[in-house]
Amino acid sequence: MYEFEHISESVTLVDNTSESPEESFETYKVAGTKRKKGILSCGRVYVAILHVMILLLIGLLLNHGFIDSNRSSAQLERSWSPVQDFVEYQESTKHATDPGHNSVYSGPPSEEQEDAWDRLIMPAYLNVSRDELTRAGESFENVIELVGGGYIVSLAVYHELHCLDRYYPNLTETQNQFLKGHLDHCLEVLRMSIMCQGNTVLNSYKWDTEAIDKPMTTSNSRSVCVKWSSIEDWSYDKKVSYSPPVKWPSQNQAQ
């Protein structure tokens, strides 16, 4: 009897709570939903922070060259040049595929050929200002300064063309020895330029109708080329002579 009364009192105490079972369940659902929303919010913030950290890490790796970004030419940056805003471009379908056809720049040496080359590389030496040389990223250590002001430079394309002007008659033995070393230098200049530009248009091959066992190069490909006159016109405006008056090191030190 005592045990039953004790149990009854316990049951009675539970039944006298302030909430019904239904109300308790609703309260649990609301609290559970709030906890769930809080967990989801924290999860979203964590994921966002993680993405930002990954992007920053990738940026640092790319910037320091640890990842090969395989960037296109449009994403890379070459040195500034004072002519770059004046250069125009055009499509070209010209190809030197006929070994029997010579332009005025090729073939056996002649006065006409020599004159053509002289005209082509005439504006080889140019005068640029200190600001232009600075913007191009060139060093001023032992730089050659012109007497009338400015600095002597040349566009790389004229240096490369000069390397093709290869006819030097009536050389002395000393001049001939110098020329051999100079020609090696020119071959290296041209090799580096050709590999840098990396012309990717296709050349196909056809059978020579006169010598059927010798394939000939042919191409219908289009290239995007500089409009040469746009470079040449700009260069003539900046041109100085082949032997311009320059300040020698002693003159620069005296100033």
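Since the structure is predicted, the reported quantities are computational estimates derived from the model, not experimental observations.
- To the nearest 0.5 angstrom, H95 atom NE2 is 7.0 Å from N203 atom CG.
- Here the closest heavy-atom approach between residue Y236 and residue R119 is recorded as OH-O, 3.5 Å.
- Here the closest non-hydrogen pair linking Q113 and V104 is CG-O, 3.3 Å.
- Between N127 and G150 the shortest heavy-atom distance is OD1-CA, 3.3 Å.
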Could you go through W234 and L155, starting from their C-alpha distance and side-chain angles, then the distance that decides it, and tell me whether this counts as side chain to side chain contact (heavy atoms under 4.5 Å, CB included)? CA-CA 11 Å; W234 181 89; L155 296 181; 4.2 Å; yes

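- The NE2 atom of H182 sits 7.0 Å away from the CG atom of L179 when rounded to the nearest 0.5 Å.
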Would you check, one step at a time, whether the test side chain to side chain contact (heavy atoms under 4.5 Å, CB included) holds for I121 with Y242? CA-CA 11 Å; I121 63 175; Y242 277 142; 3.7 Å; yes

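- Using a 4.5 Å cut-off between side-chain heavy atoms of Ile, Leu, Val, Met, Phe, Trp and Tyr, with links allowed through other members, V143 and V153 fall into the same hydrophobic cluster.
- L164 CG to L190 CG: the interatomic distance, rounded to the nearest 0.5 Å, is 5.0 Å.
- Y89 is not listed as a side-chain neighbour of C225, based on a closest heavy-atom distance of 4.5 Å or more.
- The closest side-chain donor-acceptor pair between Q175 and T172 falls under 3.5 angstrom.
- Rounding to the nearest 0.5 Å gives a distance of 4.0 Å between CD of E145 and NZ of K247.
- Under a 3.5 Å cut-off, the side chain of S193 and the backbone N or O of V189 do not form any donor-acceptor pair.
- For L120 against W228, the heavy-atom pair with the smallest separation is CD1-NE1, 3.8 Å.
- I231 is connected to Y105 through a chain of hydrophobic side-chain contacts under 4.5 Å among Ile, Leu, Val, Met, Phe, Trp and Tyr, so both are in one cluster.
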Assess the residue pair R191 and E188 against the criterion (salt bridge (charged side-chain N to carboxylate O under 4.0 Å, His left out)); give the C-alpha distance rounded to whole Å, side-chain angles, the decisive distance to 0.1 Å, and a yes or no. CA-CA 5 Å; R191 179 193 66 80; E188 193 66 1; 2.6 Å; yes

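- No continuous path of ILVMFWY side-chain contacts below 4.5 Å connects M192 to M195, so the two sit in separate hydrophobic clusters.
- Summarising the geometry, atom CZ belonging to R135 is positioned 10.5 Å from atom OG belonging to S129; distances are rounded to the nearest 0.5 Å.
- Within a 6.0 Å sphere centred on CG of D85, other residues, nucleotides and ligands contribute more than 12 heavy atoms.
- Listed here is the closest heavy atom pair of Y125 and S241: CD1-O, 3.9 Å.
- Contact between S230 and E88 at its shortest, heavy atoms only, is OG-N, 3.1 Å.
- S219 places a side-chain N or O within donor-acceptor distance of the main-chain N or O of S221, the cut-off being under 3.5 Å.
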Derivation and outcome, side chain to side chain contact (heavy atoms under 4.5 Å, CB included), residues E132 and Y151: CA-CA 9 Å; E132 289 173 321; Y151 300 85; over 6 Å; no

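- Under the 4.5 Å side-chain heavy-atom criterion for grouping Ile, Leu, Val, Met, Phe, Trp and Tyr, V87 is connected to L126 within one hydrophobic cluster.
- Under the 4.5 Å side-chain heavy-atom criterion for Ile, Leu, Val, Met, Phe, Trp and Tyr, Y158 and L133 are members of the same hydrophobic cluster.
- Taken from CD in Q197 to CD in E160, the straight-line distance is 7.5 Å, to the nearest 0.5 Å.
- Under a cut-off of 6.0 angstrom, the local environment of CG in N142 is sparse, with at most 12 non-hydrogen atoms contributed by other residues, nucleotides or ligands.
- Other residues, nucleotides and ligands place more than 12 heavy atoms under 6.0 Å from the CD atom of Q84.
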